[in-house]
Amino acid sequence: MTAATARLLIVGPQGSGKGTQGVRIAEALDIPVVSTGDIFRANIKQGTELGQKVTAILDAGDLVPDELTSEIVRDRLSQDDAARGFLLDGYPRNTVQVEHLDAFLAKTGAALDAVILLDVPREESMARLSLRAVEQGRSDDTDEAIAHRLDIYENETAPIISVYAERGIVDRIDGVGSLDEITARISDALAARGIAQRV
Ligand code: ADP
């Protein structure tokens with residue numbers, strides 16, 4: 001039996017809980033999470049050349065240039081542990097990045113299997129972000145940077161959902177509820193696509 005692949009993307013507005021749910025789902029499927037935000041933050045923390053290049057961009061809530069971001073993702077997805085699947089969080093974030101990812105995956109005849117869209121009303125995500133700002137002290141969780149990131153989400157990231165919807169791979173998940181409820185909703189949607197978690 002060939003193992004089914006699980007090449008997934010989780011997408012949703014800032015504060016939708018996609019980071020938390022992404023980790024849960026990836027663990028259940030035994031695939032790595034590839035979070036561009038986490039990769040950038042780790043590099044900033046370690047003071048690498050990449051980190052120095054992107055610090056001001058992240059603090060302002062702007063996007064890191066597409067070429068640079070796509071190169072980092074291609075490197076990460078080329079590692080052995082991503083061969084039978086991965087869960088992308090935060091990438092692709094605009095239609096140019098969708099093209100970059102498509103081109104990369106097509107080289108091995110692969111494509112995304114499912115896109116999990118976490119649906120959360122704007123007031124709810126704003127409230128969660130304010131809470132996170134207090135709890136985690138992320139330097140890009142200032143009111144100004146948050147508003148800017150939400151604008152980028154609406155203008156640049158939301159359009160990628162229709163691109164994937166045309167391919168029939170989007171599962172829209174209600175992101176309001178308890179953590180366990182939301183994880184169960186996502187698992188059910190993936191199971192319906194034949195992507196089942198290990199038991
Ligand atoms: P959030 O979803 O709350 O904005 P992320 O951790 O996904 O948090 O991203 C934090 C920051 O990292 C973004 O504001 C942006 O500066 C940078 N970043 C993350 N992913 C990308 C991407 N795909 N393209 C460009 N920049 C990105």
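We count ligands from 1, going down the list as the structure has it; atoms in each ligand are counted the same way.
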Note: ligand 1 atoms sitting under 4.0 Å from heavy atoms of K18 are 2 (O), 7 (O)

Would you say ligand 1 has an N or O under 3.5 Å from any N or O of D38? no

Which bit of D62 gets closer than 4.0 Å to ligand 1, counting heavy atoms only: side chain, backbone, both or neither? backbone

So which protein heavy atom does atom 9 (O) of ligand 1 come closest to, and at what separation? R93 NH2, 3.4 Å

With a 4.0 Å cut-off on N to O distance, would you call R193 and D171 a salt bridge? yes

I'd like to check whether I57 has a polar contact with ligand 1, where a contact means an N/O of the residue lying under 3.5 Å from an N/O of the ligand. no

With rounding to the nearest 0.5 angstrom, report the CG to CG distance, L58 to L63. 9.5 Å

Any idea which protein heavy atom is nearest atom 3 (O) of ligand 1, and the distance to it? R149 NH2, 2.7 Å

Without hydrogens or angle criteria, can the side chains of T5 and D113 be said to hold a donor-acceptor pair below 3.5 Å? yes

Under a 3.5 Å threshold, yes or no: a donor from one side chain and an acceptor from the other, between D66 and H100? no

Considering only non-hydrogen protein atoms, determine which one is nearest to atom 26 (N) of ligand 1 and report residue, atom name and distance to 0.1 Å. V64 N, 3.0 Å

Near G90 (heavy-atom distance under 4.0 Å), the atoms of ligand 1 are 20 (N), 21 (C), 22 (C), 23 (N)

Kindly indicate, with the supporting measurements, whether the criterion side chain to side chain donor-acceptor pair (under 3.5 Å) is fulfilled by S35 and Y91. CA-CA 7 Å; S35 158; Y91 178 95; over 6 Å; no

Atom 8 (O) of ligand 1: closest protein heavy atom, distance to 0.1 Å, is R138 NH2, 3.2 Å

Of the protein's non-hydrogen atoms, which lies at the shortest distance from atom 20 (N) of ligand 1, and what is that distance? T36 OG1, 2.7 Å

Can any side-chain N or O of Q97 pair as donor or acceptor with the backbone N or O of R93 at less than 3.5 Å? yes

Is a donor on one side and an acceptor on the other found under 3.5 Å between the side chain of E181 and the backbone of S178? yes

Under 4.0 Å from one or more heavy atoms of Y91, ligand 1 contributes atoms 23 (N)

For ligand 1, which atoms have a heavy atom of T69 less than 4.0 angstrom away? 22 (C), 23 (N), 24 (N), 25 (C)

Location of contacts on L58 toward ligand 1, heavy atoms closer than 4.0 Å: both

Given that the side chain starts at C-beta and the backbone is N, CA, C, O, which of these parts of E156 lies under 4.0 Å from ligand 1, counting heavy atoms, or is it both or neither? neither

Under 3.5 Å, is there a donor-acceptor pair linking the side chains of S125 and Q14? no

Ranked by distance from atom 27 (C) of ligand 1, the top protein heavy atom is F40 CE1, 3.7 Å

Do you reckon F86 sits in the same ILVMFWY cluster as L190, going by side-chain contacts under 4.5 Å, direct or chained? no

Any side-chain heavy-atom pair of V64 and T36 under 4.5 Å: no

May I ask whether R132 places a heavy atom under 4.0 Å from ligand 1? yes

So I161 and V11, do their side chains get closer than 4.5 Å, heavy atoms only? yes

Out of R41, Q97, H100, who is nearest to atom 10 (C) of ligand 1 when you count heavy atoms only? R41

